Number of protein chains: 2
Amino acid sequence: MARTGKKRGNTPDQDPAFVERLEQAKAASVAQLLFKCARLLNEQAVARLEQPPGVPRIRPAHTSVFPHLDLAGTRLTELARRLGISKQAVGQLVDELEQMQVLERVPDPSDGRAKLIRFAKAPGRSLLDGLAHLRRFEQELGVAIGAPRMAALHDALGALLVALEDRSTPSA
Amino acid sequence: MARTGKKRGNTPDQDPAFVERLEQAKAASVAQLLFKCARLLNEQAVARLEQPPGVPRIRPAHTSVFPHLDLAGTRLTELARRLGISKQAVGQLVDELEQMQVLERVPDPSDGRAKLIRFAKAPGRSLLDGLAHLRRFEQELGVAIGAPRMAALHDALGALLVALEDRSTPSA
DNA sequence: AATTTTAGTCAAGTCTCCTTGACAATTTAG
DNA sequence: CTAAATTGTCAAGGAGACTTGACTAAAATT
C-alpha cells in the first residue's frame with residue numbers, strides 16, 4: 001500500500017448542491033441501516049454455528065420457515081401460502097430441515113393426503129443449539145447497545161413488519 | 001378447506017417444556033424480525049421504481065453498493081473490500097448501474113490503472129427519482145408505525161450497526 | 001531495465017432459491 | 001360410484017448473485 005495517504009476527503013469536480021443532496025439522502029436512510037445490520041447479523045450468526053460437513057448445512061432460507069410453523073404442525077400447502085412461495089419450494093426446504101433432524105413430517109390424522117410439518121421431537125442438537133446460539137448472540141448485542149435500545153428496536157421492527165406485510169398483501 | 005376448525009391452538013403430543021422453549025425462541029428473535037423487514041423493505045422499494053423495459057432493471061443487489069460509495073469516487077477494489085465480495089462481482093453490479101446512468105467510472109488521476117466509481121453527474125432520473133422514492137417510502141412507513149418509533153428505530157439500528165461492525169473487524 | 005504487484009476486465013462456472021409442469025394418492029362433490 | 005379438486009412429490013429449469021481462473025495495462029520495486 002503506497003498510496004500517498006489521500007484515501008478520501010475532497011470532492012474532485014462535482015456540484016456542491018448535488019453532493020449535498022446525496023449526503024442527505026444517504027444519511028437519512030433507515031433502510032440502508034436496516035439492510036446493513038441484517039446482512040452483518042445474518043453472517044455473524046450463521047458463522048457461529050458449527051456445521052457438520054457432509055449433510056446439508058443450514059442456510060438463510062431455512063430460517064424463514066420457522067416463524068410460520070404452528071407448534072401443532074402445519075401443512076405444506078398452508079406453509080407455502082404463508083410464505084408466499086410455491087409448495088415445491090417449501091417442500092425442498094422442509095426436506096433439508098428434515099434431514100438435519102430439525103423438522104419432521106407426520107401424517108395428518110384428519111386427512112390421508114396431508115402431512116403436518118412440525119419441529120422434530122428429538123432435534124439433533126442443530127435446532128436447539130442454533131436457537132441457543134442466536135439467543136446468546138442477541139443478548140450480547142443487547143448489552144452492546146443497551147437494553148432499552150434493544151427493546152425499542154424489537155418494538156419498532158415488529159410494527160414495521162406489520163406495516164410492510166400489509167402493503168405486500170393488501171387483501172390477505 | 002374442510003378441516004374441522006382446529007387450525008391451531010392445542011399441541012398434540014409434545015412436551016410442554018419443549019414447546020415453551022420454542023415459543024420463547026420464536027418470539028424473542030430480533031434477528032428474524034430484522035431479516036424479514038430488510039428483505040421486504042428492499043423488495044418493495046425496488047418494486048416501486050418504474051423500470052423502463054429493455055435496459056437492465058435495478059435489482060435489490062444494486063442497492064447494497066450505494067452506502068459504500070464515497071462521494072469523491074471509490075475504486076472498484078476498495079468497493080469490493082468493503083462489500084466483502086470479489087471485485088468481479090462488484091464490476092458486474094457497477095456495469096449495470098453504469099448502463100442505467102446511475103453511476104459512472106472516471107479515470108483516477110493519481111493512478112493510471114485505476115478508475116473511480118461515483119454517482120453519475122447527470123443521473124438519468126433513475127438515481128434521484130429512486131432516492132426520492134425511497135425517502136417518500138420511508139416517510140410513509142414512519143406514518144404507519146408512528147414517528148417516535150421511527151426515531152427509535154433509527155437510533156437503535158445505528159447503534160447496532162456499530163456493535164456489529166466492531167465484531168466483524170476487531171482489528172481494522 | 002527487468003521483475004513483481006496491483007487495478008480492472010473477460011469468460012465460464014457454481015450455488016441458492018425459487019419456478020413451472022407432470023403426476024399418484026386421497027378426498028369431496030355430484 | 002364417478003368426476004372433480006386437493007395434497008404432496010418428482011423432475012427439470014431459470015434468474016440472481018456470486019465465484020474462480022486467466023489475462024492486460026499500469027505502477028512500484030529492485
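Numbered from 1 within each chain, the chains take letters A, B, ... in sequence-line order. In this text, all values refer to a predicted model and were calculated from it rather than measured experimentally.
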Would you mind reading off the distance between [X] atom [atom1] and [N] atom [atom2], rounded to a whole angstrom?
{"X": "A:D111", "N": "C:dT27", "atom1": "CG", "atom2": "P", "result": "6 Å"}
{"X": "A:R81", "N": "D:dT6", "atom1": "CZ", "atom2": "P", "result": "14 Å"}
{"X": "B:N42", "N": "D:dG16", "atom1": "CG", "atom2": "P", "result": "14 Å"}
{"X": "B:L83", "N": "C:dG8", "atom1": "CG", "atom2": "P", "result": "14 Å"}
{"X": "A:E98", "N": "D:dG8", "atom1": "CD", "atom2": "C1'", "result": "12 Å"}
{"X": "A:I117", "N": "D:dT7", "atom1": "CD1", "atom2": "C1'", "result": "11 Å"}
{"X": "A:L76", "N": "D:dT6", "atom1": "CG", "atom2": "C1'", "result": "12 Å"}
{"X": "B:K115", "N": "D:dA27", "atom1": "NZ", "atom2": "C1'", "result": "16 Å"}

Any B:T77 side-chain nitrogen or oxygen under 4.0 Å from OP1 or OP2 of C:dT6: no

Are any of A:R105's side-chain N or O atoms less than 4.0 Å away from OP1 or OP2 of D:dG8?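 No, because none of the side-chain N or O atoms of A:R105 sits under 4.0 Å from OP1 or OP2 of D:dG8.
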
Partner residues of B:V106 under the side-chain contact (heavy atoms from CB on, under 4.5 Å) criterion, sequence neighbours left out: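 B:E104, B:L116, B:R118.
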
Determine yes or no for a side-chain-to-main-chain donor-acceptor pair under 3.5 angstrom, with A:E138 supplying the side chain and B:A31 the backbone. yes

Look at the side chain of B:D111 and the backbone N and O of B:R113, then say whether any donor-acceptor pair between them is shorter than 3.5 Å.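 Judged by distance alone, yes, a pair lies under 3.5 Å.
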
I'd like to know if B:R113 reaches the base of C:dT6 with its side chain, counting only an N/O donor and acceptor under 3.5 Å. yes

Return a single string for nucleotides 17-24 of chain D, one symbol per nucleotide in 5' to 3' order, where B is base contact, S is sugar-phosphate-only contact and - is none, cutoff 4.0 angstrom on heavy atoms. SBBBB---

Can you tell me which residue pairs pass the salt bridge (charged side-chain N to carboxylate O under 4.0 Å, His left out) test with a partner in residues 84-94 of chain B, sequence neighbours excluded?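 Not a single pair qualifies under salt bridge (charged side-chain N to carboxylate O under 4.0 Å, His left out).
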
Which part of the nucleic acid, if any, lies within contact of B:G91, taking any heavy atom under 4.0 Å across all strands shown: a base, the sugar-phosphate backbone alone, or nothing? nothing

What's the spacing between B:D108 CG and B:L76 CG if we round to 0.5 Å?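 Result: 12.5 Å between the selected atoms.
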
Once rounded to the nearest 0.5 Å, what's the spacing between atom CE of A:M150 and atom CD1 of A:I145? 5.5 Å

Are A:D70 and A:R75 close enough for a salt bridge, meaning some N to O gap below 4.0 Å?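 No, this pair does not count.
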
